[in-house]
Protein chains: 2
Amino acid sequence: MPGRTPEPGEDPREIPDATIVRLPLYHRALMALDRAGESTVSSEQLASIAGVNAAKVRKDLSYFGSFGTRGVGYDVPQLLSEVRAHLGIQRSRNCIVVGAGHLGTALLTFAGFADRGFSVVAAVDVDPDRVGSRIGGIEVGHQDDLDRLVRENDVVIALLSTPPEAAQQVADDLVAAGVRSILNFAPTLIEAPEEVVVRNVDLASELEILAFHEGRRDNEVAPAS
Amino acid sequence: MPGRTPEPGEDPREIPDATIVRLPLYHRALMALDRAGESTVSSEQLASIAGVNAAKVRKDLSYFGSFGTRGVGYDVPQLLSEVRAHLGIQRSRNCIVVGAGHLGTALLTFAGFADRGFSVVAAVDVDPDRVGSRIGGIEVGHQDDLDRLVRENDVVIALLSTPPEAAQQVADDLVAAGVRSILNFAPTLIEAPEEVVVRNVDLASELEILAFHEGRRDNEVAPAS
DNA sequence: CCAACTTTGTGAATTCTTGCACGAGGGCGG
DNA sequence: CCGCCCTCGTGCAAGAATTCACAAAGTTGG
C-alpha cells in the first residue's frame with residue numbers, strides 16, 4: 001500500500017511488505033524472550049509467541065541472512081539486534097503528537113513506546129485550554145509552533161490524532177516541516193507526497209471488520225431489499 | 001489470518017479477506033458521499049475517495065452482486081445499505097471497554113463509533129479510583145462485574161485496553177461471558193477459542209513499520225556487527 | 001569419531017491478490 | 001429511435017504470499 005518504489009537494483013535482498021508488518025511481532029517476542037533470559041529460540045517457539053507459523057518465521061528471517069544455527073535455533077540477543085537494525089530503531093526516533101484530545105493524551109502517556117524505539121518529544125493542539133498544559137511530561141504547544149517544534153526536536157514521525165476535518169491541513173504542515181512518516185488516526189484519507197509514508201489506524205474500521213465476522217455467524221447475510 | 005473454516009460449499013459467494021478489510025473504507029467513503037447529497041458514484045470516484053484503484057473497487061463490490069448501472073455508476077444510498085448489510089451493522093452492535101486508562105478513556109469518548117454502527121455501552125476497570133466514575137456518559141464498573149455487564153447489555157464486542165500482563169486473563173473472562181469478538185490493544189498475543197475473532201492493534205508495531213521505511217531512506221541498512 | 005537427532009534455509013507447489021483489458025449493457029443526445 | 005459514449009462486471013494473466021517438504025548443517029551422546 002505505501003507504494004514502494006520498484007527500483008530495479010534497489011537492494012540486494014528486497015524484503016516483502018508482508019514480512020515487514022511481521023517484523024514488529026518478532027521484535028516484541030524477542031524482547032520478551034530476552035527479558036526472560038532465554039539465550040536461544042527456535043523458529044517453532046518464536047512462531048508460537050508471535051502467533052504465526054514456523055515456516056513463515058524462517059522465511060521472514062532468511063531475508064536478512066542466515067543467523068540461525070541448525071539443530072539449535074537463533075541466538076536471541078543477536079537476532080534481536082538484527083531485527084532492530086532492519087526496523088531502523090537502533091537509536092530512538094523522535095515523534096510528535098498532533099491533537100491532544102483523549103486519544104492524543106493516551107498516545108502521550110503510553111508507556112510502551114520507549115522500549116520499542118520511539119520517543120514522544122512534542123505535542124501540539126489548537127485548543128487554548130490545552131495549549132500550555134503538560135501531559136505525560138510533555139508541554140503541549142500551539143499548532144502554529146508545529147514547524148519549529150518539529151525542526152528543533154528532530155522529529156521524523158508524527159502521530160496524527162486530530163478530528164478528521166483538520167487532518168489534511170495538519171498533514172500538509174507536517175510534510176512542510178520535514179516529517180517523513182505519519183501515523184494517521186483520523187478516519188479520512190490523507191494525501192501526501194510519495195516519499196512520505198502514511199499508515200492509517202481507523203478504530204471504527206477495525207470494529208467493522210470484527211462485525212463482518214459476527215454477521216457471518218448470526219445468520220445468512222440478509223441483503224438490503 | 002482469522003483462520004476461515006474452508007468448508008467446501010460454505011456460502012454462495014465467498015468474500016476474500018483482502019476485500020473484507022477494504023469494506024470499511026468504502027463504508028466511510030459512501031457515508032461522506034451520502035452526507036454530501038451525492039446520489040450516484042462511479043467506481044473511479046469511490047476509488048479515489050477510498051484511496052484504492054477503480055478495478056479493485058469494482059471487483060470488491062461484485063462479490064455481493066451487481067448493483068451498479070453501466071454508464072452511470074452506483075446508487076449511493078443503495079450501495080451504502082448493501083455495504084452495511086454485509087458488514088453486519090444494520091443495527092448497532094454493543095461494545096464494552098475493558099481497562100479505563102488513558103486509551104480506554106479515549107475509546108469511551110470517541111465520537112466516531114456511533115455513525116459506524118457501534119455503541120459503547122459499558123466499561124470496567126480494576127483501579128478503585130476509576131471504578132464508579134463516569135467517562136463519556138458511561139459508568140465504569142468493576143472488573144468483577146464484567147460477566148454481568150456483558151450479559152445484561154447484550155455486548156458482543158470487547159475493546160481490550162488493559163496492560164499486557166492482564167490481557168490474557170481478561171480475554172478469558174470475556175470469552176466466558178459470551179463475547180465473540182475482541183479488539184486487542186495490548187501488545188501481547190492473546191489466545192482465544194477459534195470461534196472468537198481477535199484483531200490486534202499494536203501502536204508500537206505501527207510505528208516500527210514506519211521506522212522501517214525511514215531506515216530505508218536514511219542509509220543502507222547497517223547490519224549488526 | 002560416528003550415528004542419531006534436531007532445526008535451519010530454501011526450492012517448488014499452491015493459494016491468494018492484484019490489475020489489465022475488454023465485452024456487455026445501459027443512458028443520453030440528436 | 002438510433003448510435004455514441006460511458007462505466008460496470010469479469011476472465012485472465014501476472015505477481016505476491018504462504019505452505020510444504022526435504023536436503024544441508026550443526027549438536028550431542030556414546
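In what follows, chains carry the letters A, B, and so on, assigned in the order in which the sequence lines appear, proteins first and then strands, with residues in each chain numbered from 1.
- Nearer to the 5' terminus of DNA chain D, by closest-nucleotide assignment, is the contact made by B:Ala55 (compared with the other of B:Ala55 and A:Asp60).
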Using atom names, set out every protein N or O paired with an N or O of nucleotides 22-27 of chain D below 3.5 Å, distance rounded to 0.1 Å.
{"residue": "D:dA24", "atom": "N3", "partner": "A:Arg70", "partner atom": "NH1", "Å": "2.8"}

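- Residues satisfying the side-chain contact (heavy atoms from CB on, under 4.5 Å) test with B:Ala18, not counting sequence neighbours, are B:Arg22.
- The distance between atom CG of A:Leu61 and atom C1' of D:dT18, rounded to the nearest whole Å, is 15 Å.
- The salt bridge (Lys or Arg N to Asp or Glu O under 4.0 Å) check on A:Asp147 picks up A:Arg151, with sequence neighbours excluded.
- Computed from coordinates, the B:Tyr26 OH to D:dC8 P distance equals 12 Å when rounded to whole Å.
- Evaluation of the side-chain contact (heavy atoms from CB on, under 4.5 Å) rule for A:Phe110 yields A:Phe113 as partners, not counting sequence neighbours.
- Under the salt bridge (Lys or Arg N to Asp or Glu O under 4.0 Å) criterion, A:Arg116 pairs with B:Asp202, B:Glu208, not counting sequence neighbours.
- For A:Tyr74, there are no side chain to side chain donor-acceptor pair (under 3.5 Å) partners, not counting sequence neighbours.
- Phosphate contact (OP1/OP2 of D:dT19, side-chain N/O of A:Asn53, threshold under 4.0 Å): present.
- As rounded to whole Å, 13 Å separates atom C1' of D:dG15 from atom CG of A:Asp17.
- Applying the side-chain hydrogen bond (donor to acceptor under 3.5 Å, both in side chains) test to residues at least two apart or on different chains, the pairs with a partner in residues 167-179 of chain B are B:Gln168-B:Asp172, B:Gln169-B:Asp173.
- Atom CD1 in A:Ile15 sits roughly 12 Å away from atom P in D:dA17 (whole-Å rounding).
- Extent of DNA chain C lying under 4.0 Å from chain B heavy atoms, first and last nucleotide in 5' to 3' order, is C:dT17 to C:dG27.
- Taking every heavy atom of residues 27-41 of chain B and every atom of DNA chain D, no pair lies under 4.0 Å.
- Remark: B:Val21 pairs with A:Ile209 by the side-chain contact (heavy atoms from CB on, under 4.5 Å) rule, at least two apart or across chains.
- Side-chain atoms of B:Ile157 and B:Phe118, non-hydrogen and from C-beta on, do get closer than 4.5 Å to each other.
- In B:Glu38, the CD atom is crowded: over 12 heavy atoms of neighbouring residues, nucleotides or ligands sit closer than 6.0 Å.
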Considering only distance and modelled atom types, tabulate donor-acceptor pairs under 3.5 Å from the side chains of residues 175-189 of chain B, sequence neighbours left out.
{"residue": "B:Arg180", "atom": "NE", "partner": "A:Glu214", "partner atom": "OE1", "Å": "3.3"}
{"residue": "B:Arg180", "atom": "NH2", "partner": "A:Glu214", "partner atom": "OE1", "Å": "2.8"}
{"residue": "B:Arg180", "atom": "NH2", "partner": "A:Asp218", "partner atom": "OD1", "Å": "3.3"}
{"residue": "B:Ser181", "atom": "OG", "partner": "A:Glu214", "partner atom": "OE2", "Å": "2.6"}
{"residue": "B:Asn184", "atom": "OD1", "partner": "B:Ala186", "partner atom": "N", "Å": "2.9"}
{"residue": "B:Asn184", "atom": "ND2", "partner": "B:Ala186", "partner atom": "O", "Å": "3.2"}
{"residue": "B:Asn184", "atom": "ND2", "partner": "B:Thr188", "partner atom": "O", "Å": "3.1"}
{"residue": "B:Asn184", "atom": "ND2", "partner": "B:Asn200", "partner atom": "OD1", "Å": "2.9"}

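- Judged as a side-chain hydrogen bond (donor to acceptor under 3.5 Å, both in side chains), the pairs with a partner in residues 49-59 of chain B (not counting sequence neighbours) are, in order, B:Ser43-B:Arg58.
- We find that CD of B:Gln78 is positioned 14 Å from P of D:dC8, with the value rounded to whole Å.
- We find that OH of B:Tyr63 is positioned 13 Å from P of D:dG9, with the value rounded to whole Å.
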